[in-house]
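What follows is one structure encoded as structure tokens, with my remarks underneath.
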There are 2 protein chains.
Amino acid sequence: MFNHMVEHHLDRVFHALSDPTRRTILDRLAEGEATVGQISRPFPISFAAVSKHLGVLERAGLVTREARGRERVCRLNPAALGDARAWLGFHQRFWSERLDALDAMVGQKSGKPD
Amino acid sequence: MFNHMVEHHLDRVFHALSDPTRRTILDRLAEGEATVGQISRPFPISFAAVSKHLGVLERAGLVTREARGRERVCRLNPAALGDARAWLGFHQRFWSERLDALDAMVGQKSGKPD
DNA sequence: GAAAAATTTAACCAAACGGTTGAAAATCGA
DNA sequence: TCGATTTTCAACCGTTTGGTTAAATTTTTC
């Protein structure tokens, strides 16, 4: 059902998401577009390393880089998360009987059972 | 907000999810518990390789292995998916304005524009 | 046009990955 | 107990990963 060509794309998306630096980059990008320099500044690693992380995110389709002068503006591309969401959603359906307990753990915002 | 101790666990979950063999294992386990041998049979790789994949899934908390005689019964543990779902959900909120277009792409169940 | 700035690319390195084979460990059945 | 079965563990191998530094590229600014 999900085993078409999406597969290898899903590989890249989940792999991109598996690194904490890259997730932090996405967190930052969620607040608005930023240049590579702006993104890399708070990280304790080299500029080039961040540029490579951006490459991974871009190849996964999660981020776009647009040249603007000598800078490169990075933006989120949430469409790529769709595959991951769809995969997770697909499994949610299968695992549903145990997802009751799961939702109680994750979304414990109130006593709301549903 | 999500940068506590969950981080390194999220690393493991997303990493576990990033391999197509491991996702197929989860697919199979979604249909019911199975022994390592049963799981490994359809795969073209060695038994030991599948056992290692199971180890990755287990360390990510996605799967449990319970000894039963000389066999080991594997089951899904959907609670671990909760962190991934929560992370994705967190970002969905931020990316919401673009998620309209996303949902139109992913879940095109009808012509419903909103 | 030359210097400076922003970014990528290249070369390199250690560690991790995904795979192999073969040995070890535990359990079952005769 | 002995042999077969199920699984893990250990050692190994080639590739990828995440990092480095240094050079190359592009654009801005003087």
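Keep in mind it's a predicted model, so treat the numbers as computed, not measured.
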Could you list all the side-chain hydrogen bond (donor to acceptor under 3.5 Å, both in side chains) pairs where at least one residue sits in residues 59-68 of chain A, not counting sequence neighbours? A:E58-A:R65, A:E66-A:R75

Using a 4.5 Å cut-off on heavy atoms from C-beta on, say whether the side chain of B:L26 contacts that of B:V63. yes

Within this structure, what is the CG-CG distance for the pair B:N77 and B:L57, rounded to the nearest 0.5 Å? 11.0 Å

Side-chain contact, heavy-atom cut-off 4.5 Å: B:W87 with B:V13? no

Could you tell me, to 10°, how much the axis swings from one end of the helix from C:dG1-D:dC30 to C:dA30-D:dT1 to the other, five pairs per end? 10°

Whole angstrom value for the distance that separates C1' of C:dA5 from CD of A:Q38: 14 Å

Taking only residues two or more places apart in sequence, or in another chain, which ones meet B:F43 in a side-chain contact (heavy atoms from CB on, under 4.5 Å)? B:T21, B:T24, B:I25, B:I39, B:I45, B:V50

I'd like to check the side chain to side chain donor-acceptor pair (under 3.5 Å) partners of A:R12; sequence neighbours left out, ordered by chain and number. A:H8

Quick check for you: to the nearest 0.5 Å, what is the distance between B:D19 atom CG and A:D11 atom CG? 7.0 Å

Short N/O separations, protein against nucleotides 17-19 of chain D, under 3.5 angstrom:
unit_1	atom_1	unit_2	atom_2	d
D:dG18	OP1	A:R22	NH2	3.0
D:dG18	OP2	A:R22	NH1	3.0
D:dG19	OP2	A:H53	NE2	2.1
D:dG19	N7	A:K52	NZ	3.0
D:dG19	O6	A:K52	NZ	2.4

Find the distance A:I39:CD1 to C:dT8:C1' and express it as a whole number of Å. 14 Å

Without decimals, in angstroms, what is the distance between B:L54 CG and C:dG18 C1'? 15 Å

Taking side-chain contact (heavy atoms from CB on, under 4.5 Å) as the definition, give me every residue that meets it alongside B:S18, ordered by chain and number, with sequence neighbours left out. A:F14, A:H15, B:H15, B:R22

Restricting to pairs with a member in residues 44-55 of chain B, which pass salt bridge (Lys or Arg N to Asp or Glu O under 4.0 Å), not counting sequence neighbours? none

Please collect all side-chain hydrogen bond (donor to acceptor under 3.5 Å, both in side chains) contacts where either partner lies in residues 39-51 of chain B, sequence neighbours excluded, each pair once. none

Atom CZ of A:F43 and atom P of D:dT20 are separated, to the nearest Å, by 12 Å

For B:L57 and D:dT8, what is the distance between atoms CG and P respectively, to the nearest whole Å? 12 Å

Figure out the CZ/C1' separation between B:R12 and C:dC17, and round it to whole Å. 16 Å

What is the distance, to the nearest angstrom, from the CG atom on B:D11 to the C1' atom on C:dC17? 15 Å

Whole angstroms only, please: what is the CD-C1' distance between B:E58 and D:dC9? 15 Å

I'd like a table of atom pairs between the protein and nucleotides 4-6 of chain D - only N or O on both sides, under 3.5 Å - with the distance next to each one.
unit_1	atom_1	unit_2	atom_2	d
D:dT5	O4'	B:R70	NH1	3.3
D:dT5	O2	B:R70	NH1	3.2

For A:R65, answer base if it contacts any base atom (sugar-phosphate contacts may also be present), sugar-phosphate if it contacts only those atoms, and nothing otherwise; contact means non-hydrogen atoms under 4.0 Å. sugar-phosphate

For a quick check of understanding: with a heavy-atom distance under 4.0 Å over all strands, which category does B:A48 fall into, base, sugar-phosphate or nothing? base

